[in-house]
Amino acid sequence: MLRHARKFLVAAAALVAFAAPTTGAQAQSGFGPYVALGDSYAAGAGVPSQSAGLCLRSDRNYGHLVAAALGSPRYTDVTCAAAKVKHLTTAQYDAFLRVNDPQLDALRPDTGLVTLGIGGNDLGVTDLGVGDVIGVCIAGAVVNPFGTPCKDVYADGHWEWRDWSFQWVYGEDSLRARIAGAAPQLADMLRKIHAKSPNAKVLLVGYPSVLPEDGRSCLGRQPVTPGDVDYLRGVLGELNAMLARTAAANGATYVDTLTPTRGHDACSADRWVEGALPGSPAVPFHPNAAGERAMAGAVLKALGR
(Lines give C-alpha, C1' and ligand atoms only; values in the text may rest on other atoms or scores of the structure.)
Protein backbone atom coordinates (compact mmCIF):
# COMPACT_ATOMS: atom_id res chain seq x y z
CA MET A 1 0.00 0.00 0.00
CA LEU A 2 2.81 2.36 0.96
CA ARG A 3 4.69 1.42 -2.20
CA HIS A 4 1.65 2.26 -4.37
CA ALA A 5 1.15 5.56 -2.57
CA ARG A 6 4.79 6.44 -3.14
CA LYS A 7 4.47 5.71 -6.89
CA PHE A 8 1.36 7.88 -7.04
CA LEU A 9 3.14 10.80 -5.38
CA VAL A 10 6.15 10.50 -7.71
CA ALA A 11 3.89 10.43 -10.77
CA ALA A 12 1.89 13.41 -9.49
CA ALA A 13 5.06 15.39 -8.82
CA ALA A 14 6.32 14.68 -12.32
CA LEU A 15 3.02 15.85 -13.79
CA VAL A 16 3.12 19.08 -11.80
CA ALA A 17 6.74 19.71 -12.80
CA PHE A 18 5.85 19.19 -16.47
CA ALA A 19 2.92 21.59 -16.31
CA ALA A 20 4.57 24.22 -14.13
CA PRO A 21 6.34 26.37 -16.79
CA THR A 22 3.16 27.10 -18.76
CA THR A 23 0.89 27.43 -15.74
CA GLY A 24 3.38 29.68 -13.96
CA ALA A 25 3.76 31.97 -16.97
CA GLN A 26 0.01 32.29 -17.36
CA ALA A 27 -0.42 32.95 -13.66
CA GLN A 28 2.24 35.66 -13.79
CA SER A 29 0.61 37.32 -16.79
CA GLY A 30 -2.96 36.87 -15.66
CA PHE A 31 -4.09 37.33 -19.26
CA GLY A 32 -2.52 34.53 -21.31
CA PRO A 33 -1.19 35.03 -24.86
CA TYR A 34 -0.85 38.68 -25.88
CA VAL A 35 -1.16 40.18 -29.38
CA ALA A 36 -0.11 43.76 -30.20
CA LEU A 37 -1.81 45.46 -33.16
CA GLY A 38 -1.45 48.94 -34.58
CA ASP A 39 0.50 51.59 -36.44
CA SER A 40 3.91 53.29 -36.09
CA TYR A 41 3.17 54.65 -32.60
CA ALA A 42 2.51 51.09 -31.47
CA ALA A 43 5.43 49.75 -33.50
CA GLY A 44 7.93 52.19 -31.99
CA ALA A 45 9.06 53.33 -35.43
CA GLY A 46 12.70 54.36 -35.46
CA VAL A 47 13.45 53.22 -31.89
CA PRO A 48 16.31 50.66 -31.86
CA SER A 49 16.38 47.81 -32.45
CA GLN A 50 14.21 47.66 -35.56
CA SER A 51 12.79 44.67 -37.44
CA ALA A 52 10.02 43.68 -39.87
CA GLY A 53 11.31 45.82 -42.75
CA LEU A 54 9.13 48.82 -43.58
CA CYS A 55 6.93 48.09 -40.58
CA LEU A 56 9.74 49.63 -38.46
CA ARG A 57 8.91 47.43 -35.49
CA SER A 58 11.00 48.07 -32.35
CA ASP A 59 11.91 45.56 -29.67
CA ARG A 60 11.38 48.42 -27.20
CA ASN A 61 7.89 49.45 -28.26
CA TYR A 62 5.20 49.56 -25.60
CA GLY A 63 3.90 46.12 -26.55
CA HIS A 64 7.24 44.46 -25.87
CA LEU A 65 7.58 46.36 -22.59
CA VAL A 66 4.09 45.38 -21.46
CA ALA A 67 4.65 41.73 -22.43
CA ALA A 68 7.86 41.67 -20.41
CA ALA A 69 6.24 43.32 -17.39
CA LEU A 70 3.35 40.85 -17.46
CA GLY A 71 5.50 37.82 -18.17
CA SER A 72 3.19 36.95 -21.07
CA PRO A 73 3.42 33.24 -21.97
CA ARG A 74 3.28 34.13 -25.68
CA TYR A 75 3.68 37.54 -27.29
CA THR A 76 2.92 38.32 -30.94
CA ASP A 77 3.72 41.75 -32.38
CA VAL A 78 2.21 42.53 -35.81
CA THR A 79 2.25 46.34 -35.52
CA CYS A 80 3.34 48.19 -38.66
CA ALA A 81 4.24 51.77 -39.55
CA ALA A 82 1.68 53.58 -41.75
CA ALA A 83 -1.06 51.05 -40.92
CA LYS A 84 -4.62 52.31 -41.25
CA VAL A 85 -7.79 50.83 -39.78
CA LYS A 86 -8.41 48.86 -42.97
CA HIS A 87 -5.08 47.07 -42.57
CA LEU A 88 -6.44 45.14 -39.63
CA THR A 89 -8.27 42.94 -42.13
CA THR A 90 -6.42 43.60 -45.40
CA ALA A 91 -2.76 43.23 -46.33
CA GLN A 92 -0.66 46.40 -46.19
CA TYR A 93 1.28 47.54 -49.24
CA ASP A 94 3.77 50.31 -49.87
CA ALA A 95 4.46 51.15 -53.54
CA PHE A 96 3.06 47.72 -54.55
CA LEU A 97 5.33 45.98 -52.06
CA ARG A 98 3.51 43.87 -49.47
CA VAL A 99 4.84 44.91 -46.08
CA ASN A 100 2.44 43.23 -43.64
CA ASP A 101 -0.30 40.62 -43.51
CA PRO A 102 -3.79 41.48 -42.21
CA GLN A 103 -3.12 42.12 -38.55
CA LEU A 104 -6.18 40.33 -37.19
CA ASP A 105 -4.78 37.10 -38.66
CA ALA A 106 -2.54 36.99 -35.58
CA LEU A 107 -5.49 36.54 -33.22
CA ARG A 108 -6.38 33.11 -31.84
CA PRO A 109 -9.27 31.79 -29.74
CA ASP A 110 -6.94 31.54 -26.73
CA THR A 111 -5.59 35.11 -27.06
CA GLY A 112 -6.03 36.70 -23.65
CA LEU A 113 -4.84 40.29 -24.22
CA VAL A 114 -4.96 42.60 -27.23
CA THR A 115 -3.60 46.14 -27.50
CA LEU A 116 -4.56 48.21 -30.52
CA GLY A 117 -3.18 51.63 -31.44
CA ILE A 118 -4.65 52.81 -34.74
CA GLY A 119 -6.49 55.67 -36.44
CA GLY A 120 -3.88 58.39 -36.88
CA ASN A 121 -2.91 57.34 -40.39
CA ASP A 122 -6.54 57.55 -41.51
CA LEU A 123 -6.01 61.33 -41.46
CA GLY A 124 -3.90 60.92 -44.61
CA VAL A 125 -4.97 59.81 -48.06
CA THR A 126 -1.80 58.09 -49.31
CA ASP A 127 0.29 55.16 -48.07
CA LEU A 128 2.20 57.65 -45.89
CA GLY A 129 -0.85 58.16 -43.70
CA VAL A 130 -0.40 61.04 -41.27
CA GLY A 131 2.89 61.80 -43.04
CA ASP A 132 0.73 63.52 -45.66
CA VAL A 133 -0.55 65.98 -43.08
CA ILE A 134 2.87 66.62 -41.55
CA GLY A 135 4.31 67.37 -45.00
CA VAL A 136 1.54 69.83 -45.88
CA CYS A 137 1.84 71.64 -42.55
CA ILE A 138 5.62 72.02 -42.75
CA ALA A 139 5.52 73.18 -46.39
CA GLY A 140 2.81 75.71 -45.56
CA ALA A 141 4.87 77.17 -42.72
CA VAL A 142 7.67 77.98 -45.17
CA VAL A 143 5.46 80.23 -47.30
CA ASN A 144 3.17 81.53 -44.52
CA PRO A 145 5.17 81.43 -41.26
CA PHE A 146 2.79 83.71 -39.31
CA GLY A 147 -0.55 82.29 -40.39
CA THR A 148 -2.40 78.98 -40.26
CA PRO A 149 -1.56 77.44 -43.65
CA CYS A 150 -2.24 73.90 -42.48
CA LYS A 151 -5.65 74.76 -41.04
CA ASP A 152 -6.43 76.79 -44.17
CA VAL A 153 -5.88 73.70 -46.33
CA TYR A 154 -7.70 71.12 -44.24
CA ALA A 155 -10.49 73.30 -42.86
CA ASP A 156 -11.25 74.83 -46.27
CA GLY A 157 -10.18 78.39 -45.49
CA HIS A 158 -11.32 80.81 -48.20
CA TRP A 159 -12.50 84.36 -48.87
CA GLU A 160 -16.24 84.82 -49.04
CA TRP A 161 -18.50 87.84 -49.55
CA ARG A 162 -20.47 88.31 -46.35
CA ASP A 163 -22.19 91.34 -44.83
CA TRP A 164 -21.00 93.60 -47.64
CA SER A 165 -17.34 92.64 -47.31
CA PHE A 166 -14.93 89.85 -48.12
CA GLN A 167 -14.21 87.72 -45.06
CA TRP A 168 -11.91 84.78 -44.42
CA VAL A 169 -14.12 81.84 -43.46
CA TYR A 170 -13.80 78.09 -43.02
CA GLY A 171 -15.86 75.27 -44.46
CA GLU A 172 -15.88 71.56 -43.72
CA ASP A 173 -12.78 70.33 -41.89
CA SER A 174 -11.54 67.33 -43.90
CA LEU A 175 -9.37 65.99 -41.06
CA ARG A 176 -12.29 65.93 -38.64
CA ALA A 177 -14.44 64.37 -41.36
CA ARG A 178 -11.86 61.60 -41.78
CA ILE A 179 -11.87 60.97 -38.03
CA ALA A 180 -15.65 60.63 -38.12
CA GLY A 181 -15.39 58.33 -41.14
CA ALA A 182 -12.92 56.04 -39.39
CA ALA A 183 -15.13 55.58 -36.31
CA PRO A 184 -17.61 53.02 -37.74
CA GLN A 185 -14.76 51.11 -39.40
CA LEU A 186 -12.91 50.93 -36.09
CA ALA A 187 -16.07 49.82 -34.27
CA ASP A 188 -16.45 46.99 -36.77
CA MET A 189 -12.81 45.96 -36.23
CA LEU A 190 -13.31 45.82 -32.47
CA ARG A 191 -16.29 43.53 -32.98
CA LYS A 192 -14.15 41.33 -35.21
CA ILE A 193 -11.44 41.18 -32.53
CA HIS A 194 -14.00 40.04 -29.96
CA ALA A 195 -15.31 37.42 -32.39
CA LYS A 196 -11.85 35.98 -33.08
CA SER A 197 -10.66 36.14 -29.46
CA PRO A 198 -13.82 36.09 -27.32
CA ASN A 199 -11.99 35.87 -23.98
CA ALA A 200 -9.45 38.59 -24.67
CA LYS A 201 -9.09 41.83 -22.74
CA VAL A 202 -9.00 44.49 -25.49
CA LEU A 203 -7.27 47.84 -24.98
CA LEU A 204 -7.55 50.67 -27.50
CA VAL A 205 -4.48 52.85 -26.98
CA GLY A 206 -4.73 56.57 -27.66
CA TYR A 207 -2.07 58.94 -28.98
CA PRO A 208 0.44 60.78 -26.76
CA SER A 209 1.04 64.51 -26.40
CA VAL A 210 2.71 65.22 -29.75
CA LEU A 211 2.24 69.00 -29.55
CA PRO A 212 1.97 71.45 -26.62
CA GLU A 213 -1.17 73.14 -25.40
CA ASP A 214 0.27 76.56 -26.27
CA GLY A 215 1.44 76.74 -29.88
CA ARG A 216 3.68 79.72 -29.12
CA SER A 217 6.06 77.41 -27.25
CA CYS A 218 6.95 75.83 -30.62
CA LEU A 219 8.36 79.07 -32.04
CA GLY A 220 11.86 78.33 -33.29
CA ARG A 221 11.60 74.72 -32.14
CA GLN A 222 9.54 73.04 -34.86
CA PRO A 223 8.77 74.04 -38.48
CA VAL A 224 5.04 74.47 -37.84
CA THR A 225 3.33 77.80 -37.18
CA PRO A 226 1.93 78.45 -33.67
CA GLY A 227 -1.57 78.73 -35.09
CA ASP A 228 -1.27 75.38 -36.80
CA VAL A 229 0.12 73.79 -33.64
CA ASP A 230 -3.08 74.84 -31.85
CA TYR A 231 -5.18 73.56 -34.74
CA LEU A 232 -3.41 70.19 -34.92
CA ARG A 233 -3.59 69.82 -31.14
CA GLY A 234 -7.36 70.14 -31.47
CA VAL A 235 -7.45 67.52 -34.22
CA LEU A 236 -5.42 65.13 -32.06
CA GLY A 237 -7.82 65.74 -29.19
CA GLU A 238 -10.78 64.90 -31.41
CA LEU A 239 -9.04 61.74 -32.63
CA ASN A 240 -8.43 60.58 -29.06
CA ALA A 241 -12.02 61.44 -28.12
CA MET A 242 -13.28 59.31 -31.01
CA LEU A 243 -11.10 56.42 -29.90
CA ALA A 244 -12.41 56.69 -26.34
CA ARG A 245 -16.06 56.74 -27.47
CA THR A 246 -15.58 53.85 -29.86
CA ALA A 247 -13.82 51.76 -27.22
CA ALA A 248 -16.56 52.37 -24.66
CA ALA A 249 -19.28 51.40 -27.14
CA ASN A 250 -17.57 48.20 -28.27
CA GLY A 251 -16.35 46.38 -25.20
CA ALA A 252 -12.80 47.76 -25.15
CA THR A 253 -10.84 49.80 -22.61
CA TYR A 254 -9.44 53.13 -23.78
CA VAL A 255 -5.88 53.90 -22.68
CA ASP A 256 -5.10 57.60 -22.23
CA THR A 257 -1.46 58.21 -23.19
CA LEU A 258 -1.83 61.96 -23.71
CA THR A 259 -2.10 62.85 -20.02
CA PRO A 260 1.03 60.98 -18.84
CA THR A 261 3.10 62.46 -21.70
CA ARG A 262 1.92 66.06 -21.28
CA GLY A 263 4.89 68.41 -21.03
CA HIS A 264 7.10 66.05 -23.01
CA ASP A 265 5.87 66.96 -26.50
CA ALA A 266 7.95 67.68 -29.59
CA CYS A 267 8.43 71.32 -28.54
CA SER A 268 9.45 70.66 -24.95
CA ALA A 269 12.95 70.65 -23.46
CA ASP A 270 12.47 67.04 -22.32
CA ARG A 271 11.02 65.30 -25.35
CA TRP A 272 9.33 61.91 -25.22
CA VAL A 273 7.92 62.61 -28.69
CA GLU A 274 10.51 63.72 -31.23
CA GLY A 275 10.16 66.62 -33.66
CA ALA A 276 11.09 67.16 -37.30
CA LEU A 277 14.78 66.64 -36.46
CA PRO A 278 14.86 63.90 -33.81
CA GLY A 279 17.38 64.24 -31.01
CA SER A 280 16.85 60.59 -30.01
CA PRO A 281 16.23 57.66 -32.35
CA ALA A 282 12.64 57.81 -33.59
CA VAL A 283 10.69 58.70 -36.70
CA PRO A 284 9.86 62.45 -36.75
CA PHE A 285 6.85 63.37 -34.61
CA HIS A 286 6.80 59.92 -33.03
CA PRO A 287 7.59 58.62 -29.53
CA ASN A 288 11.20 57.89 -28.69
CA ALA A 289 12.21 55.16 -26.23
CA ALA A 290 11.09 57.28 -23.26
CA GLY A 291 7.75 57.88 -24.96
CA GLU A 292 7.24 54.17 -25.56
CA ARG A 293 8.02 53.53 -21.87
CA ALA A 294 5.43 56.11 -20.85
CA MET A 295 2.85 54.52 -23.13
CA ALA A 296 3.68 51.09 -21.68
CA GLY A 297 3.13 52.53 -18.22
CA ALA A 298 -0.30 53.81 -19.25
CA VAL A 299 -1.25 50.37 -20.61
CA LEU A 300 -0.09 48.62 -17.44
CA LYS A 301 -2.03 51.13 -15.33
CA ALA A 302 -5.16 50.37 -17.37
CA LEU A 303 -4.57 46.69 -16.60
CA GLY A 304 -4.29 47.42 -12.90
CA ARG A 305 -0.54 46.71 -12.79
Side-chain angles (χ1 to χ4, degrees), residues 19-81 83 88 100-101 103-118 193 196-197 199-209 243 247 252-261 264 270-274 278 280-283 286-305:
T22 300
T23 304
Q26 289 176 339
Q28 184 180 355
S29 167
F31 298 98
Y34 167 24
V35 176
L37 313 169
D39 58 21
S40 52
Y41 279 70
V47 178
S49 295
Q50 296 277 287
S51 64
L54 292 176
C55 282
L56 303 178
R57 201 175 294 152
S58 172
D59 62 1
R60 288 194 286 171
N61 61 29
Y62 67 75
H64 275 83
L65 299 177
V66 168
L70 294 177
S72 299
R74 186 172 73 244
Y75 173 60
T76 305
D77 185 354
V78 292
T79 57
C80 192
L88 294 174
N100 208 28
D101 293 333
Q103 294 191 24
L104 294 196
D105 287 358
L107 298 177
R108 298 290 182 266
D110 69 337
T111 298
L113 176 63
V114 176
T115 54
L116 169 62
I118 203 93
I193 290 172
K196 291 176 75 71
S197 301
N199 298 316
K201 172 79 171 175
V202 181
L203 275 62
L204 186 57
V205 182
Y207 289 88
S209 183
L243 296 177
T253 298
Y254 174 71
V255 179
D256 171 23
T257 64
L258 189 145
T259 299
T261 57
H264 298 280
D270 182 17
R271 290 186 294 189
W272 293 355
V273 177
E274 293 297 330
S280 297
V283 168
H286 280 68
N288 55 28
E292 291 291 331
R293 287 195 298 271
M295 295 176 77
V299 171
L300 289 168
K301 181 179 179 181
L303 292 172
R305 300 302 177 97

Carefully, step by step, assess Val255 and Thr115 under the rule side-chain contact (heavy atoms from CB on, under 4.5 Å).
CA-CA 9 Å; Val255 179; Thr115 54; over 6 Å; no

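For the atom pair Thr79 OG1 and Asn61 CG, the distance stands at 5.0 Å (nearest 0.5 Å). Atom CG of Leu300 and atom CZ of Arg293 lie 13.5 Å apart (nearest 0.5 Å). With rounding to the nearest 0.5 Å, the separation of CD1 in Ile118 from SG in Cys80 is 9.5 Å. For the atom pair Asp256 CG and Lys301 NZ, the distance stands at 8.5 Å (nearest 0.5 Å).
Side-chain atoms of Asn100 come within 3.5 Å of backbone atoms of Val78 as a donor-acceptor pair (strictly under, hydrogens ignored). Checked by atom type and distance alone, the side chain of Arg108 pairs as donor or acceptor with a backbone atom of Asp105 at under 3.5 Å. Side-chain N or O atoms of Glu292 include one that pairs as donor or acceptor with a backbone N or O of Tyr62 at under 3.5 Å. Formation of a donor-acceptor pair under 3.5 Å by the Arg60 side chain with backbone atoms of Pro48 is found in this model. Although no hydrogens or angles enter the test, the distance criterion places a donor-acceptor pair under 3.5 Å between the side chain of Asp59 and the main chain of Ser49.
Between Gln103 and Ala83 the shortest heavy-atom distance is NE2-CB, 3.6 Å. Here the closest non-hydrogen pair linking Gln50 and Ser58 is NE2-CB, 3.4 Å. Residues Glu274 and Asn288 come closest through the heavy atom pair OE2-ND2, 2.8 Å. Among all heavy-atom pairs drawn from Val273 and Pro208, the shortest one is CG2-CG, 4.2 Å. Nearest heavy-atom pair, Ala296 versus Leu65, reported as atom, atom and distance to 0.1 Å: CB-CB, 3.8 Å. Nearest heavy-atom pair across Leu204 and Ala247 is CD2-CB, 3.9 Å.
Taking Asp110 as the reference, Arg74 meet the salt bridge (Lys or Arg N to Asp or Glu O under 4.0 Å) condition, with sequence neighbours excluded. Listed by chain and residue number, Leu107, Thr111, Ala200 satisfy the side-chain contact (heavy atoms from CB on, under 4.5 Å) test with Ser197 (two or more places apart in sequence, or in another chain).
With contacts defined as side-chain heavy-atom distances shorter than 4.5 Å, the pair Ser280/Arg271 does not qualify. Between Tyr207 and Leu243, the closest side-chain pair of non-hydrogen atoms falls below 4.5 Å. Side-chain contact between Tyr34 and Thr76 is absent, with no heavy atoms from C-beta onward closer than 4.5 Å. In this structure the side chain of Val205 reaches within 4.5 angstrom of the side chain of Thr257, judged on heavy atoms. Using a 4.5 Å heavy-atom threshold, the side chains of Tyr41 and Pro287 count as touching. Between Leu303 and Leu203 the shortest side-chain heavy-atom distance falls below 4.5 Å.
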